[in-house]
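To start, the structure itself, in structure tokens.
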Number of protein chains: 2
Amino acid sequence: MVVDQLRETELDRLFQAFADSTRRDIVRRVTVGEFSVSGLAALYAMSFAAVQKHVAVLERASLVTKEKRGRAQIVRGNHEGLQKARRLLDEYEHIWRQRAARMADILAEG
Amino acid sequence: MVVDQLRETELDRLFQAFADSTRRDIVRRVTVGEFSVSGLAALYAMSFAAVQKHVAVLERASLVTKEKRGRAQIVRGNHEGLQKARRLLDEYEHIWRQRAARMADILAEG
DNA sequence: CTGATCTACAACCATTTGGTTGTACGATAG
DNA sequence: CTATCGTACAACCAAATGGTTGTAGATCAG
């Protein structure tokens with residue numbers, strides 16, 4: 001087997017990254033505007049270190065990039081990861097529609 | 001806050017369910033055809049109980065339904081969960097495009 | 001009835017996850 | 001120079017995850 005191990009673990013990370021409401025919120029915010037890590041941390045009822053970890057998870061999943069600016073680390077949304085996740089769900093949707101079409105054919109035949 | 005706690009935990013479960021390659025494979029298979037739990041278990045190099053747990057995770061996420069048929073439990077794909085996940089990613093994509101449009105406007109002004 | 005099959009579920013285990021506090025260090029402001 | 005800010009990272013902890021084995025209840029075949 002080993003279908004495409006790289007892509008599989010990549011998708012694992014992507015969906016894992018989406019599987020937390022704080023991280024989904026971070027993705028939304030940094031897509032619209034720029035935030036430093038501490039700027040983000042100020043928004044949530046958890047420690048700076050916790051938010052730092054969430055950002056790291058998003059970065060590993062290619063949903064976010066960091067760029068150093070002075071002493072701050074600016075977090076920005078990264079379209080790449082989002083597109084990959086979307087592409088997979090589109091693919092599933094396609095499979096689903098093919099199935100629906102087949103079922104319609106069977107009904108038409110009968 | 002408490003934005004929409006129900007929906008948030010629902011999304012947590014959905015994306016968590018997608019964050020495992022075995023589960024993604026199960027979703028694909030049961031969308032195309034019908035499988036009993038043991039029928040699925042035969043496909044993977046892990047115990048029946050492990051596959052059973054994966055199916056339970058998918059069921060909790062509304063990505064799959066089970067229906068008893070004789071002594072077998074038939075697993076089928078459920079469009080509902082897939083649509084919800086897709087809708088969220090579409091929403092994010094929309095936010096992204098709005099941002100891109102705004103940036104284009106700014107460039108046009110300048 | 002008996003045995004095989006399919007499922008459910010509990011108990012256990014190692015690893016990961018999501019959080020904490022504490023320490024250290026570079027960059028900036030005064 | 002010194003104090004503060006923003007960050008990084010280690011160590012720790014409780015809970016969840018992904019796997020295992022074992023036991024037990026239904027259902028079906030012979």
Side-chain angles (χ1 to χ4, degrees), chain A residues 1-3 5 8-27 29-30 33-61 63-76 81, chain B residues 1-3 5 8-27 29-30 33-61 63-76 81:
Chain A
M1 279 296 150
V2 185
V3 186
Q5 194 54 49
E8 289 302 315
T9 53
E10 196 186 353
L11 290 171
D12 288 357
R13 282 182 194 159
L14 256 172
F15 287 109
Q16 180 63 39
F18 273 120
D20 180 284
S21 63
T22 301
R23 286 196 293 262
R24 288 193 298 273
D25 194 65
I26 292 177
V27 169
R29 294 192 187 259
V30 301
E34 290 184 350
F35 283 85
S36 66
V37 179
S38 57
L40 287 170
L43 300 170
Y44 308 104
M46 67 184 73
S47 69
F48 171 81
V51 175
Q52 210 176 10
K53 282 192 189 180
H54 281 308
V55 172
V57 169
L58 291 170
E59 198 180 12
R60 254 171 59 98
L63 281 169
V64 131
T65 60
K66 282 196 301 186
E67 187 199 346
K68 197 155 192 168
R69 188 146 81 203
R71 65 184 157 187
Q73 197 79 260
I74 303 299
V75 183
R76 291 201 188 79
Chain B
M1 281 296 146
V2 185
V3 186
Q5 194 53 51
E8 289 301 315
T9 52
E10 196 186 353
L11 289 171
D12 288 357
R13 283 181 194 160
L14 255 172
F15 286 109
Q16 181 61 39
F18 273 120
D20 180 285
S21 63
T22 300
R23 287 196 293 261
R24 288 192 298 272
D25 194 65
I26 292 177
V27 169
R29 293 192 188 259
V30 301
E34 289 185 350
F35 283 84
S36 68
V37 179
S38 57
L40 287 171
L43 300 170
Y44 308 104
M46 66 184 73
S47 70
F48 171 82
V51 174
Q52 209 177 10
K53 281 191 188 181
H54 282 307
V55 171
V57 170
L58 291 170
E59 198 180 13
R60 253 171 59 101
L63 282 169
V64 131
T65 60
K66 282 195 300 185
E67 188 199 346
K68 196 155 192 167
R69 188 145 83 203
R71 66 184 156 185
Q73 197 78 260
I74 303 299
V75 182
R76 290 200 188 80

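Computed from a predicted structure; not experimentally measured. Chain letters run A, B, ... following the sequence lines, proteins first, then strands; residues in each count from 1.
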(request) Nearest whole angstrom, please: distance from the P of C:dG22 to the CZ of A:Phe48. (result) 16 Å
(request) Check every strand shown and say whether A:Ser36 touches a base, only sugar-phosphate, or nothing at a heavy-atom separation below 4.0 Å. (result) sugar-phosphate
(message) Nearest 0.5 angstrom please: A:Gln52 CD to A:Ser47 OG, how far?
(response) 9.0 Å
(message) I need the CZ-C1' distance between A:Arg23 and C:dG19, as an integer number of Å.
(response) 12 Å
Restricting to nitrogen or oxygen on both sides, can you table the protein-nucleotides 25-30 of chain C pairs closer than 3.5 Å?
| from | atom 1 | to | atom 2 | distance (Å) |
| --- | --- | --- | --- | --- |
| C:dT28 | O4' | A:Arg71 | NH1 | 3.4 |

(request) Of all the heavy-atom pairs spanning A:Gln73 and A:Glu67, show the shortest one and how long it is. (result) OE1-C, 3.3 Å
(request) Strictly below 4.0 Å, heavy-atom distances to any atom of DNA chain D: list the hits from residues 10-21 of chain A, or just say none. (result) none
(request) Search all heavy atoms of A:Met46 against all heavy atoms of A:Val51 and return the closest pair with its distance. (result) CG-CG2, 3.8 Å
(request) Please list, by residue number, the residues of residues 51-58 of chain B whose heavy atoms come closer than 4.0 Å to an atom of DNA chain D; answer none if no residue qualifies. (result) B:Lys53, B:His54
(message) Show the nearest heavy-atom pair for residues B:Phe48 and B:Ala41, with the distance to one decimal.
(response) CD1-CB, 3.8 Å
(message) Tell me which residues in residues 38-46 of chain B lie within less than 4.0 Å of DNA chain D, going by non-hydrogen atoms.
(response) B:Met46
(message) Applying salt bridge (Lys or Arg N to Asp or Glu O under 4.0 Å) as the test, list every pair that has at least one member in residues 42-61 of chain B; sequence neighbours left out.
(response) B:Glu59-B:Lys66
(message) As an exercise, state the distance from CG of B:Leu58 to OG1 of B:Thr65, rounded to the nearest 0.5 Å.
(response) 11.0 Å
(request) Using whole Å, report how far CD of B:Glu59 lies from P of C:dC9. (result) 10 Å
(message) Rounded to whole Å, please give me the gap between CD in B:Glu67 and P in C:dA8.
(response) 13 Å
(request) Take atom CD1 of B:Ile74 and atom P of C:dC6, then tell me their distance rounded to the nearest Å. (result) 11 Å
(request) Name the residue closer to the 5' end of DNA chain C, choosing between B:Gln73 and A:Thr22 according to the nucleotide with the nearest heavy atom. (result) B:Gln73
(request) Check step by step if side-chain contact (heavy atoms from CB on, under 4.5 Å) holds for B:Leu63 and B:Ile26. (result) CA-CA 10 Å; B:Leu63 282 169; B:Ile26 292 177; over 6 Å; no
(message) Quick check for you: to the nearest 0.5 Å, what is the distance between A:Phe18 atom CZ and A:Arg13 atom CZ?
(response) 15.5 Å
(request) Just call it for A:Ala50: base, sugar-phosphate, or nothing, with non-hydrogen atoms closer than 4.0 Å on any strand. (result) base
(request) Provide the full list of salt bridge (Lys or Arg N to Asp or Glu O under 4.0 Å) pairs with a residue in residues 16-27 of chain A, sequence neighbours left out, each pair given once. (result) A:Arg24-B:Glu8, A:Arg24-B:Asp12, A:Asp25-A:Arg28, A:Asp25-A:Arg29
(request) Look at A:Ser47 and C:dG19 and indicate whether a side-chain polar atom (N or O) is within less than 4.0 Å of OP1 or OP2. (result) no
